[in-house]
Structures are given as structure tokens and as C-alpha cells.
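In what follows, a structure is listed as C-alpha cells, so that the remarks can point back to it.
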Amino acid sequence: MIRRLSLLTLALALGAAACGPRAAPAREGLELALVEELPAARLRALVCTYGGERRVSSVEPKKQRGRVVVVLEVEAPAAVSGLTLAAVELFDSSGGRLAYGVMPADLRLAPRFEPPQNPLETETRDFDGKVAPGASVRLWIHAKLDVSLQTLLDVTPAKFQVTLNVQDGRQVTVGGTVGEIWGG
């Protein structure tokens, strides 16, 4: 199921209509394929997965910091610039914040990432915050979390939310359902 946000929500998310910079609010029950329309682009969450510092590790989960990988797709009929990562958050099934991505985190290009692929082994390239007109890119986000892997094993993340900075300090937020733990 794909939802399209209203033009009013879009205007609020992008700070249009003299509303000033603000982030779109997180919405309950988002599907993984949530689509958010930008004036010059379409943003879609493809996958979110989480785990520890290593795919296979002998380090106890209490001693490993949790990590998250999110892949977003940006389709840009017109040029987009100034895209940077503002926040990555994980939520439990009741909607409470479980973990927050420690900044700075990686925001890189993931050429033709396919969700079944191991996210830790994805080949990535530098991303300069620009998407050319007519281009479609996949952005790979990798962040250390402010909680241990043990916390993520004790309370399974259910939803995620990513906030991107857009030109002129405006923000846009997209989210969805968290997939399975990697290597688990």
C-alpha cells in the first residue's frame, strides 16, 4: 500500500506558505513503502534493518552498540540539492522511542541496492547532497545507535523514522516498518 501525503502536509513539511522550517510529524501505522512527495522529488523508504557492530560476533550484545541501516529511494524529475541527514529513530510497537541514531551518521549512495542483499556489505559511494534532474538514486544510511544491541534484542524495534534536511533548512520525514535483525 502506498500513501500519498496531501499538498497541505507537503507544504508544512517543506516550510512552504510562510510556515517556516518544520519537520512533518511521524504518522502512526506507516507502511514500509510510504511515499512522500517533495516539490522536485519523490522519497520512498525501501528497507530498514538493525544489528550490532559486527554481522557475526563473539562480543556480548550488552557490550555492542546497536546500529541501523536504512535505504531510501529518491526520484527527481527536477534537480534536488542540499539533502543531508538530520535524524534516524527507532520506535517500539507502542510508539515509544527506543533508539536514536548518533550523528554524524553515514549518508551515501547505494547503486541499485536490492533489499535482500546484506546491508553491511553494500557497496556505497560518496553523496554530495544533489540529485540530478531525471535521476533516481538510492541513499544508504548507516548510524550507530544510542543503545546497546542487547536493548534491541530485549525490545524489538517496530517502526523507524528518518528526517532529512532539504535546501534552506527545511526538513522532510519518512518512515516505515523495521525489518529483521541482520545476521540473526
Side-chain angles (χ1 to χ4, degrees), residues 2 30-38 40-59 61 63-91 98-149 152-153 156-167 171-184:
I2 295 177
L30 292 174
E31 298 286 332
L32 182 60
L34 172 77
V35 172
E36 186 153 338
E37 297 289 336
L38 301 174
R42 188 173 77 153
L43 177 64
R44 184 167 59 121
L46 297 179
V47 67
C48 175
T49 185
Y50 65 99
E53 295 171 348
R54 295 171 193 85
R55 191 172 195 288
V56 178
S57 175
S58 59
V59 178
K63 295 181 181 178
Q64 284 194 60
R65 182 178 287 220
R67 294 181 184 251
V68 64
V69 170
V70 178
V71 178
L72 305 176
E73 183 172 61
V74 179
E75 295 176 356
V80 174
S81 63
L83 283 179
T84 60
L85 182 62
V88 180
E89 298 172 283
L90 297 179
F91 300 91
L98 177 62
Y100 188 79
V102 177
M103 297 297 142
D106 294 327
L107 177 62
R108 300 179 57 81
L109 290 173
R112 304 291 42 147
F113 173 87
E114 296 299 328
Q117 192 175 354
N118 179 346
L120 292 178
E121 297 171 359
T122 300
E123 246 182 78
T124 62
R125 297 188 319 243
D126 290 339
F127 177 61
D128 63 3
K130 298 175 185 174
V131 182
S136 174
V137 299
R138 293 195 176 178
L139 299 177
W140 182 84
I141 298 163
H142 178 227
K144 294 178 185 175
L145 297 171
D146 64 346
V147 299
S148 71
L149 176 58
L152 302 176
L153 295 173
T156 304
K159 301 284 182 187
F160 73 94
Q161 180 173 296
V162 172
T163 303
L164 295 174
N165 295 317
V166 188
Q167 297 168 312
Q171 294 185 323
V172 62
T173 300
V174 64
T177 305
V178 176
E180 294 181 12
I181 189 169
W182 62 63

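This structure is a prediction, so every number in the text was calculated from the model and none was measured.
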Candidate list Asn165, Thr84, Thr163, test side chain to side chain donor-acceptor pair (under 3.5 Å), partner Gln171, passing option =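 Passing option: Asn165.
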With heavy-atom distances below 4.5 Å as the criterion, would you say the side chains of [X] and [Y] are in contact?
{"X": "Phe160", "Y": "Val68", "result": "no"}
{"X": "Glu73", "Y": "Ser136", "result": "yes"}
{"X": "Leu85", "Y": "Ile141", "result": "yes"}
{"X": "Val102", "Y": "Leu145", "result": "no"}
{"X": "Phe127", "Y": "Leu83", "result": "yes"}

For the residue pair [X] and [Y], what are the closest heavy atoms and their distance?
{"X": "Gly175", "Y": "Ala45", "answer": "O-CB, 4.1 Å"}
{"X": "Tyr50", "Y": "Leu152", "answer": "CD1-CD1, 3.8 Å"}
{"X": "His142", "Y": "Val69", "answer": "CD2-CG2, 3.7 Å"}
{"X": "Phe91", "Y": "Gln161", "answer": "CE1-CB, 3.7 Å"}
{"X": "Arg108", "Y": "Arg125", "answer": "CB-O, 3.2 Å"}
{"X": "Cys48", "Y": "Leu90", "answer": "SG-CD2, 4.1 Å"}

task = Report the C-alpha distance between Leu98 and Val147 in whole Å, list the side-chain angles of each, state the deciding distance to 0.1 Å, and finish with yes or no for side chain to side chain contact (heavy atoms under 4.5 Å, CB included).
result = CA-CA 8 Å; Leu98 177 62; Val147 299; 5.6 Å; no
Straight-line distance of Glu89 CD to Lys159 NZ, nearest 0.5 Å =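 The NZ atom of Lys159 is 15.0 Å from CD of Glu89, to the nearest 0.5 Å.
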ask   = Going through the distances and angles, do Leu164 and Leu43 end up as a side chain to side chain contact (heavy atoms under 4.5 Å, CB included)?
value = CA-CA 10 Å; Leu164 295 174; Leu43 177 64; 4.1 Å; yes
inquiry  = Does Val88 form a side chain to side chain contact (heavy atoms under 4.5 Å, CB included) with Met103? I'd like the steps, not just the answer.
reply    = CA-CA 9 Å; Val88 180; Met103 297 297 142; 4.2 Å; yes
request  = Using modelled atom types only, decide if a donor and an acceptor are shared between the side chain of Asp146 and the backbone of Ala99 within a distance under 3.5 Å.
outcome  =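 No.
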query = Checking Ser81 side chain against Lys130 main chain: does a donor-acceptor pair fall under 3.5 Å?
reply =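 The answer is no, because no donor-acceptor pair under 3.5 Å joins these two groups.
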Among Leu72, Leu109, Val71, Thr124, side-chain contact (heavy atoms from CB on, under 4.5 Å) partner for Arg138 =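 The side-chain contact (heavy atoms from CB on, under 4.5 Å) with Arg138 is passed solely by Val71 among Leu72, Leu109, Val71, Thr124.
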task = Check the pair Asp106 / Trp140 against side chain to side chain contact (heavy atoms under 4.5 Å, CB included), numbers first and verdict last.
result = CA-CA 8 Å; Asp106 294 327; Trp140 182 84; 4.2 Å; yes
